[in-house]
Protein chains: 4
Amino acid sequence: MTRKPQQQRAKATVDAIVQAGFLCLAKHGIEGTTTRHIADEAGIGVGSLYEYFANKQEVMDAMYQMVVADVVSMIQPLTPRLVKMEIHEAVRTLLYEFRELLMRDDARYLKYASQAVNVAQRDNLEPINKILNDLVVQYVMHHPEVMRLRNLPVMSYIIINGGIFSVIRHLGESAPMLTFDQLAGGLADMAKHVMDGEMRKVDNEQ
Amino acid sequence: MTRKPQQQRAKATVDAIVQAGFLCLAKHGIEGTTTRHIADEAGIGVGSLYEYFANKQEVMDAMYQMVVADVVSMIQPLTPRLVKMEIHEAVRTLLYEFRELLMRDDARYLKYASQAVNVAQRDNLEPINKILNDLVVQYVMHHPEVMRLRNLPVMSYIIINGGIFSVIRHLGESAPMLTFDQLAGGLADMAKHVMDGEMRKVDNEQ
Amino acid sequence: MTRKPQQQRAKATVDAIVQAGFLCLAKHGIEGTTTRHIADEAGIGVGSLYEYFANKQEVMDAMYQMVVADVVSMIQPLTPRLVKMEIHEAVRTLLYEFRELLMRDDARYLKYASQAVNVAQRDNLEPINKILNDLVVQYVMHHPEVMRLRNLPVMSYIIINGGIFSVIRHLGESAPMLTFDQLAGGLADMAKHVMDGEMRKVDNEQ
Amino acid sequence: MTRKPQQQRAKATVDAIVQAGFLCLAKHGIEGTTTRHIADEAGIGVGSLYEYFANKQEVMDAMYQMVVADVVSMIQPLTPRLVKMEIHEAVRTLLYEFRELLMRDDARYLKYASQAVNVAQRDNLEPINKILNDLVVQYVMHHPEVMRLRNLPVMSYIIINGGIFSVIRHLGESAPMLTFDQLAGGLADMAKHVMDGEMRKVDNEQ
DNA sequence: CATGAATGAGTATTCATTCAT
DNA sequence: AATGAATGAATACTCATTCAT
């Protein structure tokens with residue numbers, strides 16, 4: 001029977017397990033990670049793991065929640081600053097922060113993301129989508145001229161998804177042909193060009 | 001010891017196994033796919049599978065080879081036509097063909113791509129990278145004005161990777177908020193904007 | 001990952017597995033012995049076997065170690081008495097003790113020895129060789145006249161190896177033409193004759 | 001259905017299979033030898049193997065028969081010469097011939113003997129026992145004084161079995177401490193000593 | 001006669017999960 | 001609360017044997 005951790009010690013244990021989960025994933029890959037690995041890495045017995053998580057999947061889920069939460073809490077405090085920036089700088093800033101998050105703690109999250117199966121399937125990327133949408137919305141509110149673009153949702157979708165994947169792929173490359181700065185700059189340029197181009201298109205239509 | 005299929009019957013068996021591999025992957029997911037599943041689906045005994053493939057991974061590899069080969073042989077004959085098109089139309093055309101390939105046979109390849117772990121890691125996406133590079137190179141040769149862009153490699157990288165992932169993600173969504181046409185159009189627009197924008201930038205620099 | 005048995009219960013399990021190993025070898029022969037046989041015979045689940053032994057071979061190795069240890073701890077306490085005996089009696093005594101060990105627990109060790117492949121190859125019969133050499137050395141020290149024999153190493157080799165194999169072979173015969181007493185007496189006589197004969201030879205050479 | 005080889009070609013095939021059996025045993029060991037290995041080595045298809053042998057065991061049996069036959073046909077023509085020799089020389093000669101047989105064809109028979117499980121059990125070593133008994137009987141007939149020994153059967157048993165095993169063990173040692181010549185000489189000396197000693201005993205008893 | 005393709009019962013081994021202490 | 005011992009269903013893979021061609 002899973003218990004809600006009520007004491008201080010219990011909370012620490014739960015956390016240790018999730019941390020251990022990331023470490024194991026990085027070490028042994030997703031298929032090579034066993035509950036025993038995780039328990040050992042967390043410095044507890046297997047039995048104890050099952051005191052706090054009903055099964056292995058729940059540990060994975062907790063890891064996922066943590067990734068999502070951390071992405072959200074990276075973007076949230078950043079938003080006020082981002083929305084005031086010009087698009088080019090905003091994109092670059094966000095990407096650099098994103099990279100920092102992915103590389104933190106021995107690239108824990110990058111490795112997680114690279115391993116994570118079914119990326120395409122998960123419909124519960126929602127919180128991240130939501131915060132990104134918020135960001136877009138607020139950005140638009142600070143830059144009223146953008147509001148005229150009809151294509152905004154499509155373009156956001158592409159830039160966001162394409163950007164995320166390009167960065168993950170790039171960071172995982174053993175012999176990258178581009179520097180990260182080139183990539184970030186390129187994505188930022190692209191966003192700028194798209195905005196300018198779309199704007200111009202709207203102007204011409206009228 | 002793996003045997004090379006010498007008789008007609010044997011060739012058919014090998015093929016049936018790879019086909020069954022795709023089916024099983026779609027049905028049970030990558031972790032849920034067992035050698036017995038594959039053998040059953042192929043209508044053969046487990047032993048027969050091992051007559052032609054040294055282990056499970058080799059079946060997976062054969063599937064991968066087939067995907068790569070099919071992508072290549074989709075793009076190759078298309079190239080002459082694409083290079084003559086204007087960028088916007090070229091991108092849209094390519095994306096529609098790509099979708100057709102992904103959705104073929106009950107979305108066999110789409111499901112494969114969605115499942116494929118470590119997509120980011122695989123450095124042996126090479127044949128596909130190569131054919132896409134060829135396409136870019138030939139496109140440039142037919143559109144000399146593009147040659148002036150310094151940013152070409154970066155932009156190709158982003159559009160290609162971002163585009164592939166956006167499409168896969170979109171096709172896998174159960175409740176997409178965009179139509180495929182919107183997505184393809186968006187990517188095409190984006191490519192156009194980037195080209196125009198970069199061009200303008202180069203012009204201004206001079 | 002193999003675990004070291006820490007609790008009392010675990011130690012008993014490890015022992016039960018090794019015991020079961022001998023039983024299975026006797027019942028099904030070396031090729032017919034499966035890990036499941038052993039686990040069943042030990043009254044445990046297969047998984048438990050693998051908690052303490054990395055693989056089947058390790059169980060076999062543990063059995064081997066036990067045989068070696070038991071042979072050694074049969075001879076060791078016997079040595080002081082043997083070295084004081086006359087050669088004929090010493091050989092007979094040792095052989096009878098050896099038989100007792102081989103026949104113990106339903107001839108567990110005899111059956112093991114009969115099955116043991118590559119007996120000839122194993123260079124790690126060492127502990128047994130060592131204790132036997134010790135025995136010879138100590139025997140010589142108590143019987144200084146023997147020291148004159150040049151041939152000692154050769155003769156020991158022959159008597160020891162030939163004796164061991166003759167006894168194993170004899171005990172395994174379904175319809176032996178000799179009694180064990182005849183065999184043991186014969187080996188003892190032989191040792192005596194060899195000693196006397198070699199001694200005489202040395203005398204004549206001088 | 002197994003067929004008796006009636007044609008010339010068929011006989012050659014049967015022989016090739018048995019030869020291949022020895023080769024495989026030497027290469028892969030007894031547990032690593034598969035019917036496919038044997039068929040491949042013999043240069044035929046698996047199916048063909050089963051045309052001549054009902055199952056794998058029959059191939060092994062044929063190998064065994066061949067070993068036995070070869071041992072017998074080594075000793076048989078040698079017997080007339082051996083019986084005329086003095087005991088010491090007879091033993092040495094026989095052992096050297098035995099070694100030659102064991103080492104022939106890349107130590108094929110030695111490896112077979114080292115691998116052969118259950119050596120001790122097989123009661124059908126008979127043909128070899130018989131020819132050796134014949135040898136002893138004929139030897140006695142040529143050396144009438146030996147007939148007085150009561151212990152003859154026991155001593156033969158020990159010398160023969162002990163001798164065979166000592167030689168096999170010695171030839172298989174990677175770092176032997178004795179030369180073969182020392183071993184053979186030692187066994188010959190031993191036989192001589194035993195005969196002399198027993199003779200003397202009989203003399204004293206009278 | 002010859003073959004090699006097909007087979008599937010059988011084997012070693014793993015690992016998430018349970019539970020007695 | 002914590003643990004580690006026990007478990008057994010599940011999995012990848014092997015190989016003697018059969019049989020259609």
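Letters A, B, ... are given to chains in the order of the sequence lines, protein chains preceding strands, and every chain is numbered from 1.
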Enclosure of C:Asp106 CG (heavy-atom neighbours >12, cutoff 6.0 Å): no

If you count the non-hydrogen atoms of other residues, nucleotides and ligands that lie under 6.0 Å from CG in C:Asp70, is the total more than 12? yes

State which of E:dT7, E:dC1, E:dT13 makes the closest approach to the side chain of C:Lys56. E:dT13

Side chain of A:Thr34, heavy atoms from C-beta onward: which of F:dA16, E:dA6, E:dA16 has the nearest atom to it? E:dA16

I need the [atom1]-[atom2] distance between [X] and [N], as an integer number of Å.
| X | N | atom1 | atom2 | result |
| --- | --- | --- | --- | --- |
| B:Ile17 | F:dC13 | CD1 | P | 13 Å |
| A:Ile38 | E:dA16 | CD1 | P | 8 Å |
| C:Gln57 | E:dT13 | CD | P | 10 Å |
| C:Phe53 | E:dT11 | CZ | C1' | 19 Å |
| B:His37 | F:dT11 | NE2 | C1' | 11 Å |
| B:Tyr52 | E:dG4 | OH | C1' | 8 Å |
| D:Ile30 | F:dC15 | CD1 | P | 14 Å |
| C:Leu49 | E:dT11 | CG | C1' | 13 Å |

Heavy atoms under 4.0 Å, any strand shown: does C:Thr33 hit a base, just sugar-phosphate, or nothing? sugar-phosphate

Using a heavy-atom cut-off of under 4.0 Å over every strand shown, decide if C:Ile44 touches base, sugar-phosphate, or nothing. sugar-phosphate

Does a side-chain N or O from [X] land closer than 4.0 Å to OP1 or OP2 of [N], or not?
| X | N | value |
| --- | --- | --- |
| A:Tyr50 | E:dC19 | no |
| A:Thr35 | E:dC15 | no |
| C:Ser48 | F:dA5 | no |

The test is side chain to side chain contact (heavy atoms under 4.5 Å, CB included); show your working for D:Val18 and D:Phe53 and say whether it passes. CA-CA 10 Å; D:Val18 178; D:Phe53 296 91; 4.1 Å; yes

Applying the Watson-Crick and G-U wobble criteria at under 3.5 Å, what pairs with [N]? Answer none if nothing qualifies.
| N | value |
| --- | --- |
| F:dT14 | E:dA9 |
| F:dG8 | E:dC15 |
| F:dA20 | E:dT3 |

Want to settle it: does A:Gly43 or C:Gly47 sit nearer the 5' end of DNA chain F, counting the closest nucleotide to each? A:Gly43

Check: D:Gln57/D:Asp61 side-chain N/O donor and acceptor closer than 3.5 Å: yes

Nearest nucleotide by nearest heavy atom, which residue falls closer to the 5' end of DNA chain E, C:Ala54 or B:Val46? B:Val46

Between A:Gly32 and B:Thr13, which is nearer to the 5' end of DNA chain E once each is assigned its nearest nucleotide? B:Thr13

Euclidean distance for P, F:dT21 against E:dC1 (whole angstrom): 22 Å

Within the 4.5 Å heavy-atom criterion, are A:His37 and A:Thr34 side-chain neighbours or not? yes

Smallest heavy-atom separation, C:Val59 atom then C:Leu49 atom, equals CG2-CD2, 4.0 Å

